[in-house]
Amino acid sequence: MVNRDEFVLDDPVGESLRGRHRHLARSLGRAAVYLPDVATFASVSFDPDPERWEDLARLLGRGAFADMFSCPATPPSDWEPVFVLDGQQMVWPDNGPAGMPHDGTGPDVVELGADSVPEMLDLVARAQPGPFWPRTHTLGTYLGIREHGTLVAMAGERLRPPGWTEISAVCTAPEARGRGYAARLVSALVARIAARDEGAFLHVAEANSTAIALYKRLGFVPRKQVTFRGFRTP
């Protein structure tokens, strides 16, 4: 049985960088970050030692962006705040439903690979789901839906703490919304994650009431409130 302890979800970036995403990480002392073009997320240890922030500053360099994701730790006062965003962390319960039913009509759900990156980046630019870079697809499996050969919806796997996989980059092109594509893609990913005996979880901005309502209809339940924060190193 895969470890399904929820405590690892309190530090999903750090747990991923120290574990299944170690091959996509750079680290120094008590700090770690993803490789460029994969993700901007950074992590420091949870202990109060101020050297962890010095390690991260040396790792990133002077005046660099440090995306701390949901890390609650506060950096020294000379770190410039860049953004603050309230959000929710939601999880798929072990006894969750089978997902939103699909009548079998409409375009197929397909797996997206490296050759799909240009159209994935184009969709992200139009749909604005959040950070997505040229190598973000290497974090896990990404699925998409095409209409007449054009990618109009996608979702994929991002953070991977032990026993869990995060669903992210859920987006639909403006002209293709209202057709249930996001629900189909999320349901397909939940099924894949469950087949590995892992738990599915995701993050969503508190202000995105439409997405929160969709995830609740699919079966996700809120686990905790989070605050996403970014800083600039001194």
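Please read all numbers here as calculations on a predicted model, not as lab measurements.
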Check [X] against [Y] and note the closest heavy-atom contact, atom names and distance.
{"X": "A188", "Y": "L143", "answer": "CB-CD1, 3.7 Å"}
{"X": "A127", "Y": "C171", "answer": "CB-CB, 3.7 Å"}
{"X": "A42", "Y": "V13", "answer": "O-CG1, 3.8 Å"}
{"X": "V204", "Y": "F228", "answer": "O-CE1, 4.5 Å"}
{"X": "L151", "Y": "A153", "answer": "CD1-O, 3.5 Å"}
{"X": "A39", "Y": "Y34", "answer": "O-CB, 3.4 Å"}

Out of curiosity, [X] [atom1] to [Y] [atom2], how far, rounded to the nearest 0.5 Å?
{"X": "L139", "Y": "S168", "atom1": "CG", "atom2": "OG", "result": "9.0 Å"}
{"X": "L123", "Y": "S116", "atom1": "CG", "atom2": "OG", "result": "11.5 Å"}
{"X": "L59", "Y": "W53", "atom1": "CG", "atom2": "CH2", "result": "12.5 Å"}
{"X": "S70", "Y": "L85", "atom1": "OG", "atom2": "CG", "result": "11.5 Å"}
{"X": "D10", "Y": "Q89", "atom1": "CG", "atom2": "CD", "result": "7.0 Å"}
{"X": "D47", "Y": "R30", "atom1": "CG", "atom2": "CZ", "result": "4.5 Å"}

Is any side-chain heavy atom of [X] less than 4.5 Å from a side-chain heavy atom of [Y]?
{"X": "L159", "Y": "E15", "answer": "no"}
{"X": "S43", "Y": "D11", "answer": "yes"}
{"X": "V226", "Y": "Q88", "answer": "no"}
{"X": "R223", "Y": "F201", "answer": "no"}

Basic-acidic side-chain contact under 4.0 Å: [X], [Y]:
{"X": "R229", "Y": "D86", "value": "no"}
{"X": "E6", "Y": "K224", "value": "no"}
{"X": "E198", "Y": "R160", "value": "yes"}
{"X": "R146", "Y": "E119", "value": "yes"}
{"X": "D49", "Y": "R52", "value": "no"}
{"X": "R232", "Y": "D78", "value": "no"}

How about Q225 and E206: does a side-chain donor come under 3.5 Å of a side-chain acceptor?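 Side-chain D/A pair, Q225 to E206: present.
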Between the side chains of R196 and T165, is a donor N or O closer than 3.5 angstrom to an acceptor N or O?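 Yes, T165 and R196 have a side-chain donor paired with an acceptor closer than 3.5 Å.
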Quick check on the hydrophobic clustering: are [X] and [Y] connected, directly or via other members, by side-chain heavy-atom contacts under 4.5 Å?
{"X": "V84", "Y": "W79", "result": "no"}
{"X": "L112", "Y": "I145", "result": "no"}
{"X": "L214", "Y": "L189", "result": "yes"}
{"X": "L185", "Y": "V117", "result": "no"}
{"X": "V8", "Y": "L17", "result": "yes"}

Give me the one residue out of F220, F69, Y215 that meets ring pair (Phe, Tyr, Trp, His ring centres under 6.0 Å) with H203.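 The option that passes is F69.
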Measuring centre to centre across the rings, with the benzene-like ring taken for any Trp, is F132 within less than 6.0 Å of Y142?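 Ring centres of Y142 and F132 closer than 6.0 Å.
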Mutual orientation of the aromatic rings belonging to F83 and F65 [parallel < 30°, tilted 30-60°, perpendicular > 60°]: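 Aromatic pair F83/F65 classed tilted.
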Counting only heavy atoms not in W133, do more than 12 fall under 6.0 Å of its CH2?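 Count not over threshold, so no.
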Could you walk me through whether S27 and R18 pass the side-chain hydrogen bond (donor to acceptor under 3.5 Å, both in side chains) test, one step at a time? CA-CA 9 Å; S27 60; R18 290 188 295 269; over 6 Å; no
Do the side chain of T233 and the main chain of A64 share a donor and acceptor less than 3.5 angstrom apart?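 Confirmed, T233 side chain pairs with A64 backbone.
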Among L218, I167, L202, I193, exactly one meets side chain to side chain contact (heavy atoms under 4.5 Å, CB included) together with W92. Which residue is that?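 Among the candidates, only L218 passes.
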Test salt bridge (Lys or Arg N to Asp or Glu O under 4.0 Å) applied to R184 and D108, step by step: CA-CA 10 Å; R184 285 183 61 193; D108 292 335; 5.4 Å; no
Could you note down all residue pairs passing salt bridge (Lys or Arg N to Asp or Glu O under 4.0 Å) where residues 164-182 supplies at least one of them, sequence neighbours left out?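 Non-adjacent pairs meeting salt bridge (Lys or Arg N to Asp or Glu O under 4.0 Å): R126-E175, E147-R179, R158-E166.
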